[in-house]
Amino acid sequence: MSYSHILQEIFGYDRFRGPQQDIIEHVGGGGDALVLMPTGGGKSLCYQIPAIARQRAGHGVTIVISPLIALMHDQVGALHEAGVSAAFLNSTLSGEEAYQVEQRLLRGDITLLYAAPERITTPRFLAQLDALFERGQLSLFAIDEAHCVSQWGHDFRPEYRALTVLHERFAGVPRMALTATADDLTRADILERLQLQEARAFVSSFDRPNIRYTIVEKREATAQLLRFIEREHPDDAGIVYCQSRKKVEDIAQTLCEAGIDALPYHAGLDSKLRQSHQDRFLREDGVVMVATIAFGMGIDKPDVRFVAHLDMPKNIEGYYQETGRAGRDGLSADAWMCYGLNDVVNQRRMIDEGPAEEEFKQAMRGKLEALLGLAEAIDCRRTRLLAYFGEASQPCGNCDNCLHPPAVWDGTQAAQMLLSTIYRIHKLSGISFGAGQLMDIVRGKKTEKVAQHGHERLSTFGVGAHLSELQLRGVLRQLLAMGAVMVDVQAFNTLVLTEQSRAILKGELQVRLRESVSLPKAPKLSKGKALRAGSSVKPPIELDGVALQRYAELKAWRAEVAREHNLPAYVIFHDATLAAIAQRAPQSLDDLQGISGMGVKKLEAYAHEVLRVVALSA
């Protein structure tokens, strides 16, 4: 049976996307692979279809290694809906339930088994794999979120290192490593750590053209976030990332008070409450999750319309993966970030105070500087982002810089003022100060602290009086990004010069900066307009009035089915499938044939109910 037939029969799609077919044919034929494909690009099909094909050819079970309980549950549920025998082994199962899964595994009753890396490497589980291997019933290892194996990746997990046992113990069983984000350093580390040096690499375009990237300077962050949601995404599902648990709870409460259906999520919450909030986010329309980065990996919700960052992430890989959770359905979505000087200082402090070796710290500083370069960029955001992953591109015409090109000014003189003042402060008293004192001196503000230390006597006192504090903080952010200023975490986050300061002070290096840009005001939507714009009603394709009502009825029916099956609604049918049904208005089983996402098992399970709903909404 061909891979295309499996795609159509099981998953209901009539063609592969991007490099999927090449990957599937290579892995299905027994080859090893490294797969880099952006979130929403269809990575799971790259191992699910070979797993089904190889199982039908007598090769046995595919083991999927994932650190994510939520992903295991949803993918197994989706496979069951599609008629594929799948199971998971994780901490949510009782001892008896886990034993039953293990017995099914040993009998050969499972096509795909999902398990965490910690379980894979236990003596008990390895012994079970040994038994399968000896019978030739171990088909494929798919290592998802493979960047977790690399110390250079954004989500390093030591337990992934033990997966080298798969190569050593089960020689000849094909392995594939999959991830959505990895720069050159991380890719090389994945290949080495998993002993996949001979694997064929499949690197898809990292471009997500449906996502619009916007990065703004942090002023009143909560108010800025509220304006963004109210103007751009009323009633839409979204994720808001914050760095601290307290901030998560404060922001969630503020959004709720503003009439936005928001929930907090962080590791400090009770596990049952976290699960309840995650379930609501996955199963209901228009919920906004406010979370630390503890939330999100493995979340397959397709209709997340925005991802917002109220604090700067650690690096571009983290930023890319987190923003990639928006618009998995291919429809327009927003990646919005608000950042300021304190974000830069805090991230540098966390790196410098960490227990890691200096080589690692230096790599992390470089990654942070690349992210800050993206934030401070005056050219196309998407071009910068893709260039980080080694991909050339043209200006996108869809990011904030392309839509509203920022004014640029020469900040070299202002940078020299700041550097010279840092030097003179230390020369005067032998001690250093932080950003606030530096701003007051350069702008000539006679504060009590300035007078106490005699800083008004410095020759640079007031030399930048013509500049706003906002402008000076932008210059200081750039200096921190360039490594021309360092934060001394051992001395209360004071600012000190570095070797790179010299080139700027001598005028050998120019500092060009973006001016603050205010986006044009958008009219505030009335409640009626907000509801029509929201994801709970708006379909992914243009529908007329009758078809729109049909779409709404189909969504209501799908929600009931999802509740009965304890699955997210999109596991039953994606919005695009419901919209296609609403548009076609099928009257018979034949009319349902060929609708994308309608595989054989789903036709058997739901065709008559779908036709009933369509008939009632006529």
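Since this is a predicted model, take the numbers as computed values, not measurements. The residues of the chain are indexed from 1 along the displayed sequence.
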Exercise. Roughly how far, to the nearest 0.5 Å, is the NZ atom of K367 from the CG atom of N315?
Worked result: 5.5 Å
For this session: Please assess F295 against R325 for the test side chain to side chain contact (heavy atoms under 4.5 Å, CB included), listing each intermediate value before the final yes or no.
Result: CA-CA 11 Å; F295 175 80; R325 290 163 190 151; over 6 Å; no
Exercise. Cut-off 3.5 Å, side chains only: do Q21 and E25 have a donor facing an acceptor?
Worked result: yes
Exercise. Could you state the interatomic distance from CG (D261) to SG (C256), rounded to the nearest 0.5 Å?
Worked result: 6.5 Å
Exercise. Should Y320 and P38 count as side-chain neighbours, where that means a heavy-atom distance under 4.5 Å?
Worked result: yes
Exercise. Can you check whether F206 reaches L36 side chain to side chain, under 4.5 Å on heavy atoms?
Worked result: yes
For this session: Could you tell me whether the side chain of R382 and the main chain of I211 form a donor-acceptor pair under 3.5 Å?
Result: yes
Exercise. What do the steps show when you test V149 against D189 for side chain to side chain contact (heavy atoms under 4.5 Å, CB included), and what is the final call?
Worked result: CA-CA 8 Å; V149 78; D189 207 26; over 6 Å; no
Exercise. Does the side chain of M312 come within less than 4.5 Å of L368's, by heavy atoms?
Worked result: yes
Problem set entry | Pair R348 + E369: basic N to acidic O under 4.0 Å | yes
Exercise. Does a donor on one side chain sit under 3.5 Å from an acceptor on the other, for Y551 and Q583?
Worked result: no
Exercise. Are there more than 12 heavy atoms of other residues, nucleotides or ligands under 6.0 Å from atom CD of Q394?
Worked result: no
Problem set entry | Nearest non-hydrogen partners of G340 and K218, listed with the distance | N-CB, 3.8 Å
For this session: Output yes when a side-chain donor or acceptor of D334 lies under 3.5 Å from a complementary backbone atom of E232, and no otherwise.
Result: no
Problem set entry | Flag, side chain of N346 to backbone of D343, donor-acceptor distance under 3.5 Å | no
Problem set entry | For the student: nearest non-hydrogen atoms of Y160 and A146, plus distance | CE2-CA, 4.4 Å
Exercise. Does the gap between the ring centers of F202 and H26 come in under 6.0 Å?
Worked result: yes
For this session: Measure the spacing between NZ of K301 and CD1 of I239 and express it to the nearest 0.5 Å.
Result: 9.5 Å
Problem set entry | Expected output: side-chain H277 to main-chain P264 donor-acceptor under 3.5 Å | yes
For this session: Could you tell me the separation between the CG atom of L495 and the CD1 atom of I422, rounded to the nearest 0.5 Å?
Result: 5.0 Å
Exercise. Between D303 and R305, does a salt bridge (Lys or Arg N to Asp or Glu O under 4.0 Å) hold up when you go through it step by step?
Worked result: CA-CA 6 Å; D303 61 346; R305 296 270 66 86; 5.9 Å; no
Problem set entry | From CA spacing to verdict: side chain to side chain contact (heavy atoms under 4.5 Å, CB included), L255, L225 | CA-CA 9 Å; L255 294 183; L225 174 68; 4.2 Å; yes
Problem set entry | Donor-acceptor under 3.5 Å (N210 side chain, L331 main chain) | yes
Exercise. Donor-acceptor pair, S501 side chain versus A484 backbone, under 3.5 Å?
Worked result: yes
Exercise. Distance-only, no hydrogens or angles: does the T412 side chain make a donor-acceptor pair with backbone N or O of V511 under 3.5 Å?
Worked result: yes
Problem set entry | Among Q347, Q243, K247, the one residue meeting side chain to side chain donor-acceptor pair (under 3.5 Å) with D311 | K247
Exercise. Would you say the side-chain atoms of E322 and H309 include a donor-acceptor pair closer than 3.5 Å?
Worked result: yes
Exercise. Is there side-chain contact between R477 and E217, with at least one heavy-atom pair below 4.5 Å?
Worked result: yes
For this session: Step through the shown structure and confirm whether more than 12 heavy atoms of other residues, nucleotides or ligands are within 6.0 Å of OH on Y13.
Result: yes
Exercise. For Q413, does the CD atom have more than 12 heavy-atom neighbours from other residues, nucleotides or ligands under 6.0 Å away?
Worked result: no
Problem set entry | Reported OG-to-CG distance for the pair S205 and L386, which is rounded to 0.5 angstrom | 6.0 Å
For this session: Check the pair Y339, L372 against side chain to side chain contact (heavy atoms under 4.5 Å, CB included), reporting the backbone distance first and the verdict last.
Result: CA-CA 9 Å; Y339 81 107; L372 187 54; 3.8 Å; yes
For this session: Step through the shown structure and confirm whether more than 12 heavy atoms of other residues, nucleotides or ligands are within 6.0 Å of CD on E508.
Result: yes
For this session: Please determine, by modelled atom types, if Y213 and R384 share a side-chain donor-acceptor pair under 3.5 angstrom.
Result: no
Exercise. Can you check whether P302 reaches D575 side chain to side chain, under 4.5 Å on heavy atoms?
Worked result: no
For this session: Specify whether F228 and W336 have parallel, tilted or perpendicular ring planes, treating 30° as the upper limit for parallel and 60° as the lower limit for perpendicular.
Result: parallel
For this session: With rounding to the nearest 0.5 Å, note down the distance linking CG in L374 to CD1 in I215.
Result: 4.0 Å
Exercise. With side chains defined as the heavy atoms from C-beta onward, is the minimum distance between R381 and L385 less than 4.5 Å?
Worked result: no
Seminar exercise, completed: Tightest non-hydrogen contact, residues I190 and A177, listed as CG2-CB, 4.2 Å
Exercise. Between Y265 and F281, is the gap from one ring center to the other below 6.0 Å?
Worked result: no
For this session: Provide the closest heavy-atom pair for A370 versus I316 in the form atom of the first, atom of the second, distance.
Result: O-CD1, 3.6 Å
For this session: Look only at the side chain of E192 and the backbone of Q197, and say whether a donor-acceptor pair between them is shorter than 3.5 Å.
Result: no
Exercise. Do other residues, nucleotides or ligands put more than 12 heavy atoms under 6.0 Å from E358 CD?
Worked result: yes
For this session: Say whether, by atom type as modelled, one donor and one acceptor occur between the side chain of S420 and the main chain of M417 under 3.5 angstrom.
Result: no
Problem set entry | Non-hydrogen side-chain atoms of Y47 and D144 separated by less than 4.5 Å | yes
Seminar exercise, completed: Q20 and C46 have their tightest heavy-atom pair at CG-SG, 4.0 Å
Problem set entry | Donor-acceptor under 3.5 Å (R208 side chain, A326 main chain) | yes
Exercise. Do you see a donor-acceptor pair shorter than 3.5 Å between the side chains of R365 and Q362?
Worked result: yes
For this session: Work out which heavy atom in N401 is nearest to a heavy atom in D379; give both atom names and the distance.
Result: ND2-O, 2.7 Å
Problem set entry | Close side-chain approach of K43 to M176, heavy-atom, < 4.5 Å | no
